[in-house]
Amino acid sequence: MIDVQQTDQKAIFSGALTRATITRAFDKEYRKLIDNKRVVLDLAHVSQIDTAGLAWILLLIELAASKACHISLVNLPDDLLKLAKLSAVDTLLPIEDS
């Protein structure tokens with residue numbers, strides 16, 4: 001299960017960001033995050049992530065660029081960083097120091 005707490009320009013993700021939790025309803029609801037001019041994704045409480053979770057984050061990054069939304073990621077879990085490096089997409093992640 002994944003939970004997202006939203007404030008004006010920040011979304012705090014908690015739980016598993018995996019193939020099982022990224023449903024169409026989840027994608028439709030949280031794809032709207034990039035409708036703002038700026039959004040920060042805080043991933044400190046993500047307990048599990050797989051390639052589907054990484055792919056969804058990369059999709060958001062791509063969509064944000066097309067909508068002139070500045071997106072940044074903070075508090076990335078080690079598993080996400082390792083997965084991104086293994087997939088050779090770590091340089092695509094807009095990581096911001098928290």
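Fair warning: this is a prediction, and the values are worked out from it, not measured in the lab. Position 1 is the first residue of the sequence, and the numbers go up from there.
Residues meeting the salt bridge (charged side-chain N to carboxylate O under 4.0 Å, His left out) test with Asp42, sequence neighbours left out: Lys10. Checked against side chain to side chain donor-acceptor pair (under 3.5 Å), His70 has the following partners two or more places apart in sequence or in another chain: Arg38.
Cluster annotation: Ile61 is connected to Ile2 through the hydrophobic network of ILVMFWY side chains, with a link wherever side-chain heavy atoms come within less than 4.5 Å. The cluster map of Ile, Leu, Val, Met, Phe, Trp and Tyr, joined by side-chain heavy atoms under 4.5 Å apart, puts Leu54 and Leu81 in the same cluster. Under the 4.5 Å side-chain heavy-atom criterion for grouping Ile, Leu, Val, Met, Phe, Trp and Tyr, Val4 is connected to Val39 within one hydrophobic cluster.
Annotation: Asp8, atom CG; neighbour count of heavy atoms from other residues, nucleotides and ligands within 6.0 Å does not exceed 12. Within a 6.0 Å radius of CD in Gln9, other residues, nucleotides and ligands contribute more than 12 heavy atoms.
Rounded to the nearest 0.5 angstrom, Glu29 CD and Lys32 NZ are separated by 7.0 Å. If you take OG1 on Thr21 and CD on Gln48, they are separated by 8.0 Å, rounding to the nearest 0.5 Å. Of the inter-residue distances, the one linking Ile34 atom CD1 with Leu63 atom CG reads 4.5 Å to the nearest 0.5 angstrom.
Between Val74 and Glu96 the shortest heavy-atom distance is CG1-O, 3.5 Å. Here the shortest heavy-atom pairing between Ile22 and Ala52 reads CD1-O, 3.5 Å. Nearest heavy-atom pair across Gln6 and Tyr30 is OE1-CE2, 3.5 Å. Nearest heavy-atom pair, Ala16 versus Ser47, reported as atom, atom and distance to 0.1 Å: N-OG, 3.8 Å.
Residue pairs meeting the salt bridge (Lys or Arg N to Asp or Glu O under 4.0 Å) criterion with at least one partner in residues 12-23, sequence neighbours excluded, do not occur; the list is empty. Applying the salt bridge (Lys or Arg N to Asp or Glu O under 4.0 Å) test to every pair with at least one member in residues 65-81, sequence neighbours left out, gives these pairs: Asp35-Lys67. For residues 49-59, every residue pair satisfying the side-chain hydrogen bond (donor to acceptor under 3.5 Å, both in side chains) rule, not counting sequence neighbours, is listed here: Asp27-Trp56.
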Legend entry - Asp3/Gln5 under side-chain contact (heavy atoms from CB on, under 4.5 Å): CA gap, chis, key distance, verdict: CA-CA 7 Å; Asp3 180 55; Gln5 300 293 323; 2.8 Å; yes
Legend entry - Working for side-chain contact (heavy atoms from CB on, under 4.5 Å), residues Ile71 and Leu33: CA-CA 9 Å; Ile71 190 169; Leu33 288 169; over 6 Å; no
Legend entry - From CA spacing to verdict: side-chain contact (heavy atoms from CB on, under 4.5 Å), Ile12, Thr7: CA-CA 9 Å; Ile12 302 169; Thr7 61; 5.8 Å; no
Inset, instruction - Output, in order, the C-alpha distance, side-chain angles, deciding distance and verdict of side-chain contact (heavy atoms from CB on, under 4.5 Å) for Leu41 and Phe13. - result: CA-CA 7 Å; Leu41 305 184; Phe13 288 75; 3.7 Å; yes
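Judged purely by atom type and a 3.5 angstrom limit, Ser72 has no side-chain atom pairing as donor or acceptor with the backbone of Pro94.
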Donor-acceptor pairs are to be reported for all side-chain atoms of residues 82-89 against protein atoms at under 3.5 Å, with residues two or more places apart or in another chain.
from: Ser87; atom 1: OG; to: Leu83; atom 2: O; distance (Å): 2.9

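Among Ile57, Leu17, Val46, the single residue meeting the side-chain contact (heavy atoms from CB on, under 4.5 Å) criterion with Leu80 is Ile57.
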